[in-house]
Amino acid sequence: MAKSFDEIAQNHPCFALGLKSNKGRIHLPVSPGCNIGCRFCKRDFNDEENRPGVASSIISPDDALDAVRRALDLSPDLSVVGVAGPGDTLATGYALETFRKVRDAFPKMIKCMSTNGLLLPDKADEIIDAQIDTLTVTVNAVDPDILEKINEFIVYQGKKYEGREAAEILIENQLKGIEKVSKAGITVKVNTVFIPEINRDHVPVVAKTVAEKEAAIYNIIPLIPQHQFAWCSAPSCKDLSWVRAECEKYIKVFRHCQRCRADAIGVPGGTDISKQVYIKPVRLADTFSHG
């Protein structure tokens, strides 16, 4: 059974409201592939960048359990086991396999998964069975005309879709999946990448829509101008303050996102101990795919 929102809010740094939690998390980089093409996303293997979509290596589900044990020895206050990439967690089966192993080996740990939501309706029952406590879904628009500017394509049920058709499928699956897992008692956080030139005035509409689907908390992530969106600007502090205030009319808004790496370990904003835990990196750059 999933843990309650109150318990999660006290022990999960990405769900804490007000002051940041002093609890930490371990991100397990077990998900190599992705099934959508976001124009702002540039996944990579390196040790330098501090942003989503980046890890030093990919590890197996069994290696992930060993990593959790080493991390807890170094930092017993870690309370969250998360999988946030570097690809999508549902595009391959490794994340759910990892969470089933974590469920059995570390039942007290909060289990947290991030996904783009394309396969969420199809995988919802497996997510529930794995007893995942918190699910983060990245929803960048609920209007296909806007989303097709953000997402280049999707790969769904063995077929590649582009343009408006891809956007319509993704939006439908995201909203259907959010509602299904929320009703099952899983705490859902929705992330939206704030791209001033594209979805500035639309972000509050996203917040209202996902709140109606019973999402519990909302996180607005400032764009990192890169990849196909290198020409866009990062939102200003004024824009962020405005959009957060607008979204808070509909849903609780989280304000302390650190835009973490897919292999981050420790308290967000504090000392990262990932290099002490992931002691045998194996670079598998050729595993990145959109299949």
Side-chain angles (χ1 to χ4, degrees), residues 1-17 25 31 35-36 79-84 88-93 95-100 102-104 107-144 147 154 156-157 167-193 202-221 247-254 257:
M1 183 175 180
K3 297 174 177 61
S4 69
F5 179 81
D6 287 344
E7 182 178 356
I8 291 165
Q10 292 174 12
N11 295 286
H12 191 317
C14 297
F15 286 78
L17 299 173
R25 79 291 187 237
S31 298
N35 48 17
I36 72 174
S79 58
V80 179
V81 174
V83 180
D88 186 69
T89 51
L90 298 179
T92 57
L96 286 170
E97 179 183 351
T98 299
F99 280 121
R100 288 190 290 267
V102 170
R103 174 197 64 195
D104 297 337
K108 293 183 180 180
M109 298 291 281
I110 295 171
K111 295 175 291 300
C112 177
M113 184 170 77
S114 299
T115 178
N116 60 42
L118 177 61
L119 294 179
L120 196 47
D122 302 331
K123 300 292 185 179
D125 290 337
E126 291 184 61
I127 291 169
I128 295 164
D129 177 69
Q131 297 178 12
I132 290 170
D133 300 293
T134 70
L135 183 74
T136 295
V137 186
T138 299
V139 182
N140 294 318
V142 292
D143 180 339
L147 188 60
I154 67 170
Y156 182 58
Q157 297 181 346
E168 289 174 344
I169 294 170
L170 181 56
I171 292 167
E172 179 181 0
N173 287 6
Q174 288 174 329
L175 298 180
K176 185 184 298 182
I178 289 169
E179 187 170 38
K180 184 171 183 177
V181 297
S182 293
K183 288 185 181 299
I186 295 172
T187 298
V188 175
K189 174 167 68 71
V190 169
N191 284 351
T192 295
V193 178
H202 182 64
V203 173
V205 178
V206 178
K208 182 177 186 294
T209 303
V210 298
E212 291 169 350
K213 300 299 181 181
E214 300 187 30
I217 193 166
Y218 194 59
N219 180 29
I220 301 160
I221 303 177
C247 292
E248 281 182 323
K249 296 175 182 178
Y250 310 108
I251 190 170
K252 295 176 182 177
V253 174
F254 174 67
C257 181

On a heavy-atom basis, which atom in Ala215 and which in Val190 lie closest, and how many Å separate them?
CB-CG2, 3.9 Å
Establish, from distance only, whether the side-chain atoms of Asp88 and Thr115 form a donor-acceptor pair under 3.5 Å.
yes
Please lay out, stage by stage, how His202 and Asn140 fare under the test side chain to side chain contact (heavy atoms under 4.5 Å, CB included).
CA-CA 9 Å; His202 182 64; Asn140 294 318; over 6 Å; no
Would you mind reporting whether Asn116 and Leu90 have side-chain heavy atoms less than 4.5 Å apart?
no
At what distance, to the nearest 0.5 angstrom, does NZ of Lys176 lie from CG of Asp122?
8.5 Å
For Leu170 and Ile36, which heavy atoms make the closest approach, and how far apart are they?
CD2-CD1, 4.4 Å
Are Asp129 and Arg100 ion-paired here, with the side-chain N under 4.0 Å from a carboxylate O?
no
Tell me the closest heavy-atom pair linking Ala95 and Val83, and the distance in Å.
CB-CG1, 3.9 Å
Minimum heavy-atom separation for Ile171 to Pro144, with atom names?
CD1-N, 3.7 Å
How long is the gap from CG on Asn173 to CD on Glu168, to the nearest 0.5 Å?
12.0 Å
Are Val205 and Asp143 side-chain neighbours, meaning at least one heavy-atom pair lies under 4.5 Å?
no
Sole candidate of Val80, Ile132, Val81 that passes side chain to side chain contact (heavy atoms under 4.5 Å, CB included) when paired with Ile110
Val80
Among residues at least two apart in sequence or on other chains, which ones pass salt bridge (Lys or Arg N to Asp or Glu O under 4.0 Å) with Glu97?
none
Give the C-alpha distance, both sets of side-chain angles, the deciding distance and a yes or no for side chain to side chain contact (heavy atoms under 4.5 Å, CB included) between Thr209 and Val139.
CA-CA 10 Å; Thr209 303; Val139 182; over 6 Å; no
Kindly compute the distance separating CG (Asn35) from CG (Leu118), expressed to the nearest 0.5 Å.
4.5 Å
Reported NZ-to-CZ distance for the pair Lys111 and Arg103, which is rounded to 0.5 angstrom:
8.0 Å
Show your reasoning for whether side chain to side chain contact (heavy atoms under 4.5 Å, CB included) applies to Lys208 and Val142.
CA-CA 10 Å; Lys208 182 177 186 294; Val142 292; over 6 Å; no
If you take all heavy atoms of Pro121 and Gly177, which pair is closest and at what distance?
CG-N, 4.0 Å
Atom CG of Asp125 and atom NZ of Lys180: how far apart are they, to the nearest 0.5 Å?
4.0 Å
Please check this pair: side chain of Thr92 against backbone of Ser31, looking for a donor-acceptor N/O pair closer than 3.5 Å.
no
Hey, what do you get for CG (Asn191) to OH (Tyr218), rounding to the nearest 0.5 Å?
9.0 Å
By the definition side chain to side chain contact (heavy atoms under 4.5 Å, CB included), identify the one residue from Val210, Thr138, Ile217, Ile251 that meets it with Lys189.
Ile217
For Pro204 versus Cys247, what's the shortest heavy-atom pair and its separation?
CA-SG, 3.7 Å
Can any side-chain N or O of Ser182 pair as donor or acceptor with the backbone N or O of Glu214 at less than 3.5 Å?
yes
